[in-house]
Amino acid sequence: MDLLVVGSGFFGLTIAERAANAGRKVTVIDRRHHIGGNAYSEAEPETGIEVHRYGAHLFHTSNATVWEYVNRFTSFTNYVHRVYTTHKGTVFPMPVNLGTINQFFQSAYTPDQARALVREQAGEFDVKTAANFEEKGIALVGRPLFEAFFRDYTAKQWQTDPQKLSGDIISRLPVRYTYDNRYFNDTWEGLPTDGYTAWIERMADHPNIEVKLNVDYFDESQPLNKKATVGQLPIIYTGPVDRYFDYTAGALSWRTLDFEQEVLNIGDFQGTSVMNYPDMDVPYTRIHEFKHFHPERKDIYESDKTVIMREFSRFANREDEPYYPVNTPTDRDGLLAYRELAKGERDVHFGGRLGTYQYLDMHMAIGSALSLWNNSLS
Ligand code: UDP
């Protein structure tokens, strides 16, 4: 074995695939019973509808290198992600665009009029100087739209004072003064034609890659554990960085998700793939209806059954799956301490959302793995 990869999400699998391709013998271990991390999906048995086990994953990128790389393992459909949000019993398009603004204010503003209105409603806040989520949100869309669509959704999603959250979280969403309601701005987007798991399995399918599932890196009763391997060979670690160091600089805060899945005997529940619920009287943040991700799968799409999944957010305990780094000022201090500790680990490379405590999208995890491989490991 030339390389040990801990965790089989996109970061780990990209390194494993590149290394295997270059002739290295790679072992990938994962604590779970499947590969792919939170991108894992499976067909719901009754309906055949592909369900993203850990919440909806939408692939998008503007990075040509990443796009070329991922297309080696899967083709992509021409799905374009659009999201709607139900506020006080009315459905609005998300992200905020001219359609949202005009519907919310029951008006027919031109782009310039809408811009002027939002500027006025943003009051003292400015996008360039906004210091946190709340200031940036108000600066971007003005106070009334912020309160309707972001304040309470964010309270449910993060349960954290929005002044302690990073403005980068809200900058994930575009604000447009046109009627374009695409969720992403990227050059390329789409869903893997035959599903995430088929894509992920093709990445791992190489004679130089051995995958071992149900293996916990911190379980010293199994041979490929931390104590036995660090310093013996290069290691890619993609689990939570605080777990690696046994929480010596404190536990970093994470959000996890709970899902309630239902198979319904109706052809269409909500007419779209994702409906957000930004109001406090609804306990979940959104409902996914998976068949809408693949309208091209005609038999399944037109069947008289559908699968929906309600998504609930809460703080993760140590035994829960971490999903979202909360990244409060306290967390950032902790992260700096872990980065210092990481520098002292011989030949251990930390990557992915959990290993770096960064809110990385799939294309970012893949892009950073390709950079690590090209710059340091190849
Ligand atoms: N957000 C919101 N209302 C929405 C959608 C998003 O307040 O209708 C905020 C919320 O804080 C969320 C963040 O914007 O965590 C980023 O949203 P995104 O859809 O990118 O989150 P993800 O799909 O990664 O959960």
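For the single chain, residues carry numbers from 1 onward in sequence order.
- Side-chain contact, D333 with T330: no donor N or O sits under 3.5 Å from an acceptor N or O.
- In summary, the side chains of H60 and Y183 do not present any donor paired with an acceptor at a separation below 3.5 Å, with no hydrogens or angles considered.
- Hydrophobic cluster membership is shared by L252 and F245, with clusters built from Ile, Leu, Val, Met, Phe, Trp and Tyr side chains linked at under 4.5 angstrom.
- Remark: aromatic rings of Y338 and Y247 are distant, center separation not under 6.0 Å.
- Under 4.0 Å is where a charged nitrogen must lie from a carboxylate oxygen, and between E220 and K226 no such pair does.
- A donor-acceptor contact closer than 3.5 angstrom links the side chains of N102 and Y179.
- Tested against Y324 for a ring pair (Phe, Tyr, Trp, His ring centres under 6.0 Å), the candidates W158, Y357, W254 yield a single pass: W158.
- In this structure, K298 does not pair ionically with E296, as no charged nitrogen and carboxylate oxygen lie closer than 4.0 Å.
- Judged purely by distance below 3.5 Å, without hydrogens or angles, the side chains of S273 and Y79 pair a donor atom with an acceptor atom.
- A donor-acceptor contact shorter than 3.5 Å links the side chain of Q222 to the backbone of L224.
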Just distance, no hydrogens or angles: give the donor-acceptor pairs under 3.5 Å from side chains in residues 36-51, sequence neighbours left out.
| residue | atom | partner | partner atom | Å |
| --- | --- | --- | --- | --- |
| N38 | OD1 | R32 | NH1 | 3.0 |
| N38 | OD1 | R32 | NH2 | 2.7 |
| Y40 | OH | E42 | OE1 | 2.8 |
| S41 | OG | E50 | OE2 | 2.5 |
| E42 | OE2 | R53 | NE | 2.6 |
| E44 | OE1 | E46 | N | 3.1 |
| E44 | OE1 | T47 | N | 2.8 |
| E44 | OE1 | T47 | OG1 | 2.7 |
| E44 | OE2 | E46 | N | 3.4 |
| E46 | OE2 | K305 | NZ | 3.3 |
| T47 | OG1 | I49 | N | 3.2 |
| E50 | OE1 | H294 | NE2 | 3.3 |
| E50 | OE2 | Y196 | N | 3.0 |

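- Electrostatic pairing of R72 and E17 does not count as a salt bridge here, judged by no charged N lying under 4.0 Å from a carboxylate O.
- Note that the NE2 atom of H363 and the CZ atom of F184 stand 9.0 Å from one another [nearest 0.5 Å].
- Using the six-membered ring where Trp is involved, F150 and F146 have ring planes that are parallel, under 30° apart on the 30 and 60° scheme.
- Qualifying side chain to side chain donor-acceptor pair (under 3.5 Å) partners for Y244, counting only residues two or more places apart in sequence or in other chains: E345.
- The backbone N or O of S303 lies less than 3.5 Å from a partner atom in the side chain of K291, making a donor-acceptor pair.
- Between D361 and R172 there is a salt bridge, with a side-chain nitrogen of the basic residue lying less than 4.0 Å from a carboxylate oxygen of the acidic one.
- No cation-pi contact links R353 to F11, judged by a cut-off of 6.0 Å to the six-membered ring centre and 45° from its axis.
- Residues I235 and V241 fall within the same hydrophobic cluster, defined by Ile, Leu, Val, Met, Phe, Trp and Tyr side chains chained together at heavy-atom separations under 4.5 Å.
- In this model, a donor atom of one side chain and an acceptor atom of the other lie less than 3.5 Å apart for S75 and T193.
- Looking at heavy atoms from C-beta onward, V5 lies in side-chain contact with L3 at the 4.5 angstrom threshold.
- Atoms OG and CZ, on S313 and R286 in that order, are 9.0 Å from each other to the nearest 0.5 Å.
- One finds the OG1 atom of T100 at 6.5 Å from the CZ atom of F149 (value rounded to the nearest 0.5 Å).
- Remark: H33 NE2 to N214 CG distance equals 8.0 Å, nearest 0.5 Å.
- Between Y323 atom OH and E311 atom CD the span is 8.5 Å, to the nearest 0.5 Å.
- Ring pair F293/H52 is parallel by interplanar angle, where below 30° counts as parallel and above 60° as perpendicular.
- A donor-acceptor distance shorter than 3.5 angstrom exists from the side chain of E289 to the backbone of F269, with no hydrogens or angles considered.
- Separation of atoms CZ (R314) and CD (Q157) is listed at 13.0 Å; rounding is to 0.5 Å.
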Identify all side-chain donor-acceptor contacts of residues 84-94 below 3.5 Å with residues at least two apart in sequence or on another chain.
| residue | atom | partner | partner atom | Å |
| --- | --- | --- | --- | --- |
| Y84 | OH | N181 | ND2 | 3.2 |
| H87 | ND1 | D279 | OD1 | 2.7 |

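- In this structure, R31 does not pair ionically with D219, as no charged nitrogen and carboxylate oxygen lie closer than 4.0 Å.
- Remark: side-chain polar atoms of T256 are paired, donor with acceptor, to backbone N or O of E321 under 3.5 angstrom.
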